[in-house]
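Remarks on the structure that follows.
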Amino acid sequence: MYEFRPVTERAWAFREKVRERRFRVDSERSMIVTRFYAEHENLISVMRIPMTLKEACEKMTIRVEDGELLVANRSRYFEGSSNQVEWNGPGWMPEAVEMGVWKKGEDGFYHNPPEEELRAFISQDDVDALLSIRDFWKTRKIGDAALAWEPAAYEEQRRLNVSSYNDRIAPMGFSYGHLIPSYKKIIAARPPAS
């Protein structure tokens with residue numbers, strides 16, 4: 001029978017570091033992508049999307065945590081969370097702060113409600129940065145371009161409310177080969193057997 005080796009000090013220290021983690025919302029990637037989109041507005045999407053990724057990779061802060069063997073990060077903060085602004089705009093977190101759902105703590109950061117299992121927080125600077133790009137992304141998200149190509153039949157599907165996506169995403173964002181139906185809606189709308 002296989003015997004597991006004792007956990008290394010490095011692995012144990014990393015485990016302890018992430019056990020009580022809180023995710024910090026970061027605006028850095030969103031700001032880099034927004035600047036790139038603004039400077040390359042007439043570039044076709046098939047070129048702009050990979051060039052945007054290259055720009056983000058070149059300009060984002062690189063973090064190297066103590067004890068890491070593989071280095072990769074999505075944010076300039078430890079356990080940071082960045083937003084895919086080209087898909088989602090500035091995200092819902094700044095609006096949660098504006099509406100008072102996320103409250104300012106004694107540490108000066110806005111925190112999500114304590115009853116939520118996943119702990120997250122955001123600084124005033126990151127809130128301000130994300131709110132500053134909100135108008136830019138109102139009509140420039142990747143899904144917005146897809147709406148012009150939306151098939152006529154999709155409006156009927158939306159009206160019937162048979163997909164779990166409906167108004168949340170353009171058909172371009174569907175997983176390939178999946179309708180993702182709302183089975184309860186379909187079953188409830190089925191005529192009774194005769």
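Note that these values count all heavy atoms, side chains included, but never hydrogens, waters or copies made by symmetry.
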In the structure I gave you, are the side-chain heavy atoms of [X] and [Y] within less than 4.5 Å of one another anywhere?
X    : Y    : answer
W102 : P113 : yes
V25  : F121 : no
V97  : K104 : no
E55  : M51  : no
I122 : F109 : no
E28  : T61  : yes
R74  : R29  : no
S132 : M31  : yes

> Taking the side chain from N112 and the backbone from L118, do they hold a donor-acceptor pair closer than 3.5 Å?
Replying inline: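 At least one qualifying donor-acceptor pair exists.
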> Is a side-chain N or O of R134 found less than 3.5 angstrom from the main chain of L130, in a donor-acceptor match?
Replying inline: no
Please report the shortest heavy-atom distance between [X] and [Y], naming the atom on each side.
X    : Y    : value
D26  : R76  : OD1-NE, 2.6 Å
S75  : S81  : CB-N, 3.9 Å
R119 : P114 : NH1-CA, 3.7 Å
N88  : N83  : ND2-OD1, 3.3 Å
S30  : T34  : O-OG1, 2.7 Å
M47  : P50  : O-CD, 3.3 Å

Could you give the distance from [atom1] ([X]) to [atom2] ([Y]), rounded to the nearest 0.5 Å?
X   : Y    : atom1 : atom2 : answer
S45 : I142 : OG    : CD1   : 7.0 Å
T8  : R15  : OG1   : CZ    : 12.5 Å
F36 : K54  : CZ    : NZ    : 8.5 Å
S82 : Y77  : OG    : OH    : 11.5 Å

Could you state whether [X] and [Y] fall into the same hydrophobic cluster, counting links through intermediate Ile, Leu, Val, Met, Phe, Trp or Tyr residues with side-chain heavy atoms under 4.5 angstrom apart?
X   : Y    : value
W87 : L43  : no
W92 : M99  : yes
V33 : L131 : yes
M93 : F136 : yes

>> Does F4 have more than 12 heavy atoms from other residues, nucleotides or ligands lying within 6.0 Å of its CZ?
In response: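 No, not enclosed.
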>> Using a 6.0 Å cut-off, check whether atom CD of E115 has over 12 heavy atoms from anything other than its own residue.
In response: yes
>> Any carboxylate oxygen within less than 4.0 angstrom of a Lys/Arg side-chain nitrogen, looking at R63 and E79?
In response: no
> Without hydrogens or angle criteria, can the side chains of D126 and Y110 be said to hold a donor-acceptor pair below 3.5 Å?
Replying inline: no
>> Between E86 and Y37, do the side chains contain a donor N or O and an acceptor N or O under 3.5 Å apart?
In response: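 There is no such pair between these side chains.
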>> Applying salt bridge (charged side-chain N to carboxylate O under 4.0 Å, His left out) to E41 and R48, what does each step give before you reach the verdict?
In response: CA-CA 9 Å; E41 197 142 13; R48 184 172 52 211; over 6 Å; no
